[in-house]
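Shown next, in structure tokens, is the structure this report addresses.
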Amino acid sequence: MTPPYIALVDCNNFYASCERVFRPDLGDRPIVVLSNNDGCVVARSPEAKALGIQLGDPYFKIRHAFERCRGLAFSSNYTLYGDMSRRVMETLREFTDEVEVYSIDEAFLGLRDRARGLSPLAEAMRTTVKRWTGLTVSVGVGTTKTLAKVANRLAKRETGACNLVEHGDLASVLSEVDVGDVWGVGPRYGRMLASYGIKTALQLSQADDQWVRRRMTVMGLRTAMELRGIPCFALDEQPMPKKAIVRSRQFGRDIVDLEELLEPLASYVAAAARALRRQRSVAGSMRVSLATSRYDEYAYGNARFGVLPWATAHTGELIGWACQLMRQIYRPNYTYRRCGVMLTDLSSDRIQQERLFVDGRYDEKKKVLMQVVDQVASAWGEDALKYAREGLDVGWGMRQHSRSPRYTTRWDEVPVIPA
DNA sequence: TCTGGGGTCCTAGGACCC
DNA sequence: TCTGGGGTCCTAGGACCC
């Protein structure tokens with residue numbers, strides 16, 4: 001049964017806040033968190049926002065000015081953020097069983113309380129999450145996911161909680177919301193709608209159904225209906241297993257040599273294979289890609305897709321096939337900047353299709369071997385056991401000049417409080 | 001020097017089948 | 001002389017999300 005009310009709970013400035021929780025000494029210094037390779041800004045504290053720093057700003061461009069303002073930059077520390085996220089989600093489960101973890105810092109909650117109890121409930125969520133994790137969340141409540149998103153935006157501007165269920169005049173609220181800020185309306189649709197004079201969420205909700213469907217597909221129509229309070233996006237408590245698993249990254253430095261290129265590739269394949277096994281799947285096909293920098297004068301990029309001889313989650317097999325594909329697209333004399341692998345055609349590792357005329361398969365013996373590999377990784381860290389092909393990371397790994405400690409997941413990095 | 005990474009869904013159009 | 005129509009599967013491309 002669809003719950004009558006939906007809350008969207010979202011952590012404010014999530015990555016930057018995670019860093020701050022463990023560094024109270026930073027006070028109100030501006031904080032940014034950088035993407036892989038310390039490339040560009042992916043999160044900002046309120047103080048950094050106030051300095052005018054934008055998401056996606058290349059760090060090297062703002063660094064000077066930022067540091068002059070006593071700003072502090074952190075390399076991204078996904079181990080820490082992932083663990084903090086898990087703590088927030090667990091806290092939210094204290095309030096309802098219906099939790100859809102939507103992203104690392106957001107969850108939709110199904111609520112069945114009477115409408116009058118919703119605002120105190122939202123407040124209780126905020127104070128409990130703050131007390132248990134140190135993080136501040138905003139809570140928006142509405143009758144559909146899209147309206148909960150709208151409420152959440154308003155919550156951020158106001159006191160941190162916003163309940164549209166008890167709001168008497170939804171139309172006037174929606175007339176104040178820019179259509180481009182509606183969940184599901186991106187920059188393209190935003191421009192298209194504006195060119196037809198549709199500038200607010202209210203106007204979109206009142207537009208003709210057929211017209212919306214034609215211009216924005218059924219997804220756009222669902223968005224418009226959700227704005228009217230008709231639920232079209234269900235709460236998804238148990239997300240389906242992923243249909244594709246991608247690992248792709250820029251190197252810490254350029255690579256020209258094929259054999260050297262196979263090392264990061266192997267290590268991305270190993271990471272993808274771990275994710276594959278975590279969701280108890282096997283992959284039936286894969287796609288390998290490589291590219292020079294986009295800004296390179298002699299740019300080259302290519303990708304090749306291959307159906308695997310048999311579906312597997314065995315790291316060694318996947319690395320071998322990935323290397324074959326890579327050899328097909330590699331061209332000498334380019335300075336490569338990134339490569340990647342995508343595992344597709346995923347299926348359960350319990351039901352396996354036998355293929356005629358192929359005598360290999362992902363059998364019990366391989367499965368057990370992989371279980372051991374995963375156990376070692378969970379006990380000793382993901383880099384404890386590697387395939388030889390992954391090499392020893394002679395410089396291609398990520399540049400991370402200022403990663404914070406993994407405070408909550410590594411005994412050797414827990415915070416120490418002198419007493 | 002230096003510009004992120006990982007996903008989803010929908011639609012149109014081609015290949016192929018009966 | 002005449003050259004169907006409906007269905008499925010796959011892929012590429014486009015839109016979106018965080």
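Please read these numbers as outputs of a predicted model, since none were measured by experiment. Naming: A, B, ... by sequence-line order, numbering from 1 per chain. All values below come from the heavy atoms of this structure, side chains included, with hydrogens, waters and symmetry mates left out.
For A/Q250, the listed nucleotide lying nearest its side chain is B/dG5; candidates were B/dC2, B/dG5, B/dC9. The A/R247 side chain lies nearest to B/dG7 when the options are B/dG7, B/dC9, B/dG4. In the set B/dG5, B/dC2, B/dG7, the nucleotide with an atom closest to the side chain of A/R249 is B/dG5. Of the candidates B/dC9, B/dG6, B/dC2, the closest approach to any side-chain atom of A/V246 belongs to B/dG6. The listed nucleotides are B/dT3, B/dG4, B/dG6; the one nearest the side chain of A/S248 is B/dG6. Set against B/dG7, B/dG4, B/dC2, the side chain of A/R399 has B/dC2 as its closest nucleotide.
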Legend entry - Nucleotide-level pairing of DNA chain B, given in dot-bracket where Watson-Crick and G-U pairs need both distances under 3.5 Å and | marks other strands: ....||||||||||||||

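Between the P atom of B/dC9 and the CZ atom of A/R213 lies a distance of 17 Å, rounded to the nearest Å. B/dG5 atom C1' lies 7 Å from atom OH of A/Y78, rounded to whole Å. The CZ atom of A/R63 sits 10 Å away from the C1' atom of B/dC2 (whole-angstrom rounding). Following rounding to the nearest Å, A/F251 (CZ) and B/dC2 (P) show an atom-to-atom distance of 14 Å. Rounded to whole Å, atom P of B/dC9 lies 12 Å from atom NZ of A/K145. Atom C1' of nucleotide B/dT3 and atom CG of A/L55 are separated by 14 Å, given to the nearest angstrom. A/Q279 has its CD atom 12 Å from the C1' atom of B/dG7, to the nearest Å. As a whole-Å value, the separation of A/K243 NZ from B/dG6 C1' is 15 Å.
Judged by the 6.0 Å distance and 45° axis criteria, A/K145 is positioned over the aromatic ring of A/F108.
With no hydrogens or angles considered, no side-chain donor-acceptor pair links A/E259 and A/Y330 at under 3.5 Å. A/N152 and A/S138 form no side-chain donor-acceptor contact under 3.5 Å, judged by distance and modelled atom types alone. With 3.5 Å as the limit, one finds no donor-acceptor pair spanning the side chains of A/T96 and A/E98. Checked by atom type, the side-chain pair A/R338/A/S293 shows no donor-acceptor distance below 3.5 Å. For the 3.5 Å distance criterion, the side chains of A/Y300 and A/N302 qualify, holding a donor opposite an acceptor.
Of the residues near DNA chain B, A/N36 and A/M240, the one whose nearest nucleotide (by heavy atom distance) lies more toward the 5' end is A/N36.
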Inset, instruction - Please step through salt bridge (charged side-chain N to carboxylate O under 4.0 Å, His left out) for the pair A/K386 and A/E263, ending with a clear verdict. - result: CA-CA 11 Å; A/K386 285 188 178 190; A/E263 294 187 359; over 6 Å; no

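At the heavy-atom level, A/R222 lies under 4.0 Å from the strands shown only through sugar-phosphate atoms. Residue-level contact check: A/I245 touches the backbone only, with heavy atoms under 4.0 Å from sugar-phosphate atoms and none from bases.
The pair A/R278-A/D374 does not count as a salt bridge, with every side-chain nitrogen at least 4.0 angstrom from each carboxylate oxygen.
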Inset, instruction - Let me have a per-nucleotide readout for nucleotides 10-18 of chain C, 5' to 3', with B, S or -, counting only protein heavy atoms under 4.0 Å. - result: -----SSSS

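Here the separation of C/dG4 from B/dC17, taken at their C1' atoms, is 14 Å to the nearest Å.
The aromatic rings of A/Y81 and A/Y78 stand perpendicular to each other, their planes meeting at an angle above 60°, with 30° marking the opposite boundary.
A/R338 has no side-chain polar atom (N or O) that falls below the 4.0 Å cut-off from OP1 or OP2 of B/dG4.
Proximity of the aromatic rings of A/Y189 and A/W183 is defined here by a centroid distance below 6.0 angstrom, and this criterion is not met.
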